[in-house]
**Q** 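Shown below is the structure under consideration.
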Amino acid sequence: MEKDLDKKLYNKCLKGNKEAFNILYNKYRRKIEYFVYNILKDYSKAEDITQETFMYIMQNSTKKGYSFRQYAYLIAKSRAYNYIKVETTGQDYDFIA
């Protein structure tokens, strides 16, 4: 049931509905920030990566087989680990989703 609502809201977001975006953003923002913070141990960077995650999600369709929630966490995790890679090795940002 909740997955269906998220999917409907996400489809509206992709069509430019700002209210639908706000609902999803407010529902998942803190959870994703906390998730990223647990990886990076840097609250400021966790906020930045959460913002980047939502920007990416709103510009790209979810992969088949993933719910909105799963996709959001996948993107956030990928961005967090790529940030670590850049910080520790100096390699270019190589985003994988």
**Q** Treat each ILVMFWY residue as a node, draw an edge where side-chain heavy atoms are under 4.5 Å apart, and state whether Y34 and L24 are in one component.
**A** no

**Q** Distance from M58 atom CE to T53 atom OG1, nearest 0.5 Å?
**A** 10.5 Å

**Q** Looking at side-chain heavy atoms only, is the closest gap between V36 and D42 below 4.5 Å?
**A** no

**Q** Please report the interatomic distance CZ(R69) to CD1(I32), rounded to the nearest 0.5 Å.
**A** 9.0 Å

**Q** Just jot down the salt bridge (Lys or Arg N to Asp or Glu O under 4.0 Å) partners of K27, sequence neighbours excluded, or say none.
**A** E2, D6

**Q** Are Y28 and F68 an aromatic pair, judged by ring center distance below 6.0 Å?
**A** yes

**Q** Identify the two heavy atoms, one from K41 and one from N38, that lie closest to each other, and give their separation to 0.1 Å.
**A** NZ-O, 3.2 Å

**Q** Are any non-hydrogen side-chain atoms of Y37 and K45 less than 4.5 angstrom apart?
**A** no

**Q** Search all heavy atoms of R29 against all heavy atoms of T50 and return the closest pair with its distance.
**A** O-CG2, 3.9 Å

**Q** Between L74 and I84, is there shared hydrophobic-cluster membership here, with clusters defined by ILVMFWY side-chain heavy atoms closer than 4.5 Å?
**A** yes

**Q** Please walk me through it: do Y66 and Y73 pass side-chain contact (heavy atoms from CB on, under 4.5 Å)?
**A** CA-CA 10 Å; Y66 288 93; Y73 279 91; over 6 Å; no

**Q** Without placing hydrogens or testing angles, list every side-chain donor-acceptor pair under 3.5 Å for residues 8-15, not counting sequence neighbours.
**A**
unit_1 : atom_1 : unit_2 : atom_2 : d
Y10    : OH     : I57    : O      : 2.7
Y10    : OH     : N60    : O      : 2.3
N11    : ND2    : K7     : O      : 3.3

**Q** So, Y43 and E33: side-chain donor and acceptor under 3.5 Å apart, yes or no?
**A** yes

**Q** With distance as the sole criterion, is a donor-acceptor pair present between the side chains of Q51 and Y25 under 3.5 Å?
**A** yes

**Q** I need the E52 CD to Y83 OH distance, nearest 0.5 Å.
**A** 10.0 Å

**Q** side-chain contact (heavy atoms from CB on, under 4.5 Å) between Y81 and K77: does it pass, once the steps are laid out?
**A** CA-CA 6 Å; Y81 282 112; K77 178 180 168 184; 3.6 Å; yes

